[in-house]
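Below is one structure, written out as structure tokens; the observations come after it.
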Amino acid sequence: MDKLKIANKTFESRLLIGTGKFSSNQTMARAVEVSGTQIVTVALRRVDIANENDDMLAAIDRKKYLLLTNTSGARDAEEAVRLARLSRAATGIEWLKLEVTPDPYYLLPDPAETLKAAEILVKEGFVVLPYINADPVLAKRLEDVGTATVMPLASPIGSNQGIQTRASLEIIIEQSAVPVVVDAGLGLPSHAADAIEMGADAVLVNTAIATAKDPVKMAQAFKLAVEAAELAKDAQPREKIKAASASSPLTGFLRD
Amino acid sequence: MIQRVSFSEIIKQKGLDREWDIRRQKLDHIRPEDVERAIYERPGRYSTEKLAALISPAARDYLEQMAQAAAELTIQRFGKTITLYAPVYISSYCCNECLYCGFNRGNKIQRCRLSIGEVLKDADVIAKEGFRDILLVSSEDREFVTTDYIAKLSKKLREKFSSIAIEIYQLSRDEYAELFKAGVNGVTLYQETYNREVYRRYHRSGPKADYEKRLRGPEDIAAAGMREIGLGALLGLGDWRIETLGLAEHADYLMKHFWKSRVSFSFPRLRPAQDMDSGQFQMLTDTDLVQMMLALRLCFADAGLVLSTRESQQLRDRLVGLGITKISAGSKTNPGGYTDGTDTLEQFEVADTRMAADVAEALREKGYEPVWKDWDSAYTKI
Amino acid sequence: MAFLLINGEKKQFDALPENIAELLKHLDIDAATVVAELDGQIVQRQDFAKTKLIDNQKIELLRFVGGG
């Protein structure tokens, strides 16, 4: 496969890592390192005044990894835009994972608010990577608006169910003119490999790695799975052969 | 803001606008295994490699399998229906010098142009035959066939026709947008050939001689909001296999960047025209034509495949069922041809001369439903 | 008595910190790791010492945490 290209940057790795839910910053940093990733997501939260947390950002080498702030927590476009601006003011980085999830149970993304926020943020110069349900028309609408990728979910965040949105995902992959990053719900390395074999450009994994008994080992497993899938694609596998239905010949009339 | 890459850049990157002999060598090396894989690989979905395999010389031994797969795919997506349309020629005055065309400005022929009233008379004739889908055709007669003329004509035609498409000289994006507002819902614009050198050779002078400008046309059409975009190459000018690769890239580009428009392919095959020396062309055999259609159908499940009356009755009847979705019938390819039956020069010789009713009957006998009205512009907010 | 609404909670001060940098020192928060918003406006880190505080202003202090 050619290298992964998002906006004006090229990446060696097709595995993006989310940094939430890890038991410690050290484990997180080690897993990130072992995964071979070049893009990690982080979130913005209110400082807990009563407790002094250690600085998570210090654990991530910003020269090695592109920091992608996630607007998670935002319940509507206005909140997402606000978080985006805060993040850019803090880091100077214009890349953004746009996540607008008002639903607290399944954390499913709000399509209307996401589209609204994307339009505003793209105009303000952000490189927007929007998290969406696997809705092919929404994906094209976001592309029209100028997002750098689309990030359709495989299954709800943290559910580890793997690819439950296969049919729609196939359509998105077929129709998209921007890179497709399958994000959310990938629970096993084989799920990630599946996504790449289907034709996705990249995958984003968080819960499966962070909550595994041995996150560092799991990070390595995901890395190998994604690489295996890339190799497989390059090897051009043979498709299942469908037997032609026996009926009268259709081209028998050709004489030349 | 991320800039959209133009199709011109794409075709350059893919090397499909030049050095066709190199491309052809690659095609010649495609093996039977590659073809077998391609026939069943993701039916209806496109990739450069898949299409290359399907139009390779090696694929000629697999036409029957391709036909079976294409037939099934077409029925899945389109059912057993064929849309019928009729062309109405408006003017044969032209300021372009295209060597392959009977209306080439260099040809000394009797030219004809119709007033709006006269076009409406022709339109009346085809409406009585049942057509609700009309294609207005014209040479580059800018002074007379203005956008204003087309807009006025189109507003009148909407009273009787539910789909109005145009196949005229290239307009600007704004002009296409203006016509969209006036009720035109489709535009057919053939690149003629994607090979720069060949294009230059056959388009000697006039606005159409500009390859880049021509290439940009479909993007302008789509950006203007047109629902239907008709692509095509004049088959026989260059190597039809590489031409098909160019067509496919063009369609793929439009589908990715203008996802609301429907793309269709036409297959104008070079036929005898007055004052034309046929020896210089790379004419396609029937088998070549069939291979091209099947290859495109297997890569574009939802694209329209359009066949005009340039082709014979026998061939047309057989090709329905192999992926064709839209055909013309009872066509007259000279301005005023439906009403006054003059013998002004036709743009091309009509091979299938059956009346529309007979074509419709032939379709029914084959188990297909002729569809006269597929879209109604009353549904759009004009 | 002065008040500031910090992260949604009303906080009381005997003496209002002069500026944001002072406030962070008072709260024992490392300024380098924090993102600040005063009355809905983002304050750049280099302006923390320059941005004066007034009674009853609304402040949001955010920091980067792990996220998906």
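The structure displayed is predicted, hence computed values, not measured ones. Just the heavy atoms: all of them, side chains too, but no hydrogens, waters or symmetry mates, feed the values below. Residue numbering restarts at 1 for every chain, and letters A, B, ... go by the order of the sequence lines.
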| task | Could you pull out the closest heavy-atom pair between A/A90 and C/V35, with the gap in Å? | result |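 Closest heavy-atom pair between A/A90 and C/V35: CB-CG2, 3.2 Å.
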| query | Do you know the tightest heavy-atom contact between A/N206 and C/G68? | reply |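 In this case the closest contact between A/N206 and C/G68 is OD1-CA, 2.9 Å.
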| said: Under 4.5 Å from any heavy atom of chain A, what part of C/V65 do you find: side chain, backbone, both or neither? | reply: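 Both backbone and side chain.
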| said: With a 4.5 angstrom heavy-atom cut-off, is it the side chain or the backbone of C/A32 that approaches chain A, or both, or neither? | reply: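 When you check distances to chain A, no heavy atom of C/A32 falls under 4.5 Å.
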| said: Quick check for you: to the nearest 0.5 Å, what is the distance between A/D48 atom CG and C/I29 atom CD1? | reply: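 It is 9.0 Å, given to the nearest 0.5 Å.
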Should we say atom [atom1] of [X] is surrounded by more than 12 heavy atoms from elsewhere, each under 6.0 Å from it?
| X | atom1 | result |
| --- | --- | --- |
| C/Q41 | CD | no |
| C/E18 | CD | no |
| C/Q46 | CD | yes |
| A/E78 | CD | no |
| C/F3 | CZ | yes |

| message | Please check this pair: side chain of C/N7 against backbone of A/V47, looking for a donor-acceptor N/O pair closer than 3.5 Å. | response |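 At least one qualifying donor-acceptor pair exists.
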| Electrostatic pair C/E37-A/R85, nearest N-O below 4.0 angstrom |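 Here C/E37 does not pair with A/R85 in a salt bridge, since their nearest N and O are not under 4.0 Å apart.
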| query | When heavy-atom pairs shorter than 4.5 Å are enumerated against chain C, which of A/L86, A/T91, A/N70 gives the highest number? | reply |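 Looking at each option in turn, the highest pair count goes to A/L86.
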| query | Based on non-hydrogen pairs under 4.5 Å, which of A/G18, A/A43, A/G73 is most in contact with chain C? | reply |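 That would be A/A43.
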| Considering only heavy atoms, which portion of A/K21 lies under 4.5 Å from any heavy atom of chain C: side chain, backbone, both, or neither? |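 Neither; nothing under 4.5 Å.
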| query | Checking heavy atoms, do the side chain of A/T207, its backbone, both or neither come under 4.5 Å from chain C? | reply |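 Nothing of A/T207, per the 4.5 Å heavy-atom cut-off to chain C.
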| message | The test is side chain to side chain contact (heavy atoms under 4.5 Å, CB included); show your working for C/E60 and A/R82 and say whether it passes. | response | CA-CA 11 Å; C/E60 289 284 338; A/R82 195 171 137 248; 3.4 Å; yes
| message | Which residue is it: A/T69, A/I60, A/T19? I am looking for the one with a side-chain contact (heavy atoms from CB on, under 4.5 Å) to C/F64. | response |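 Only match with C/F64 under side-chain contact (heavy atoms from CB on, under 4.5 Å): A/T69.
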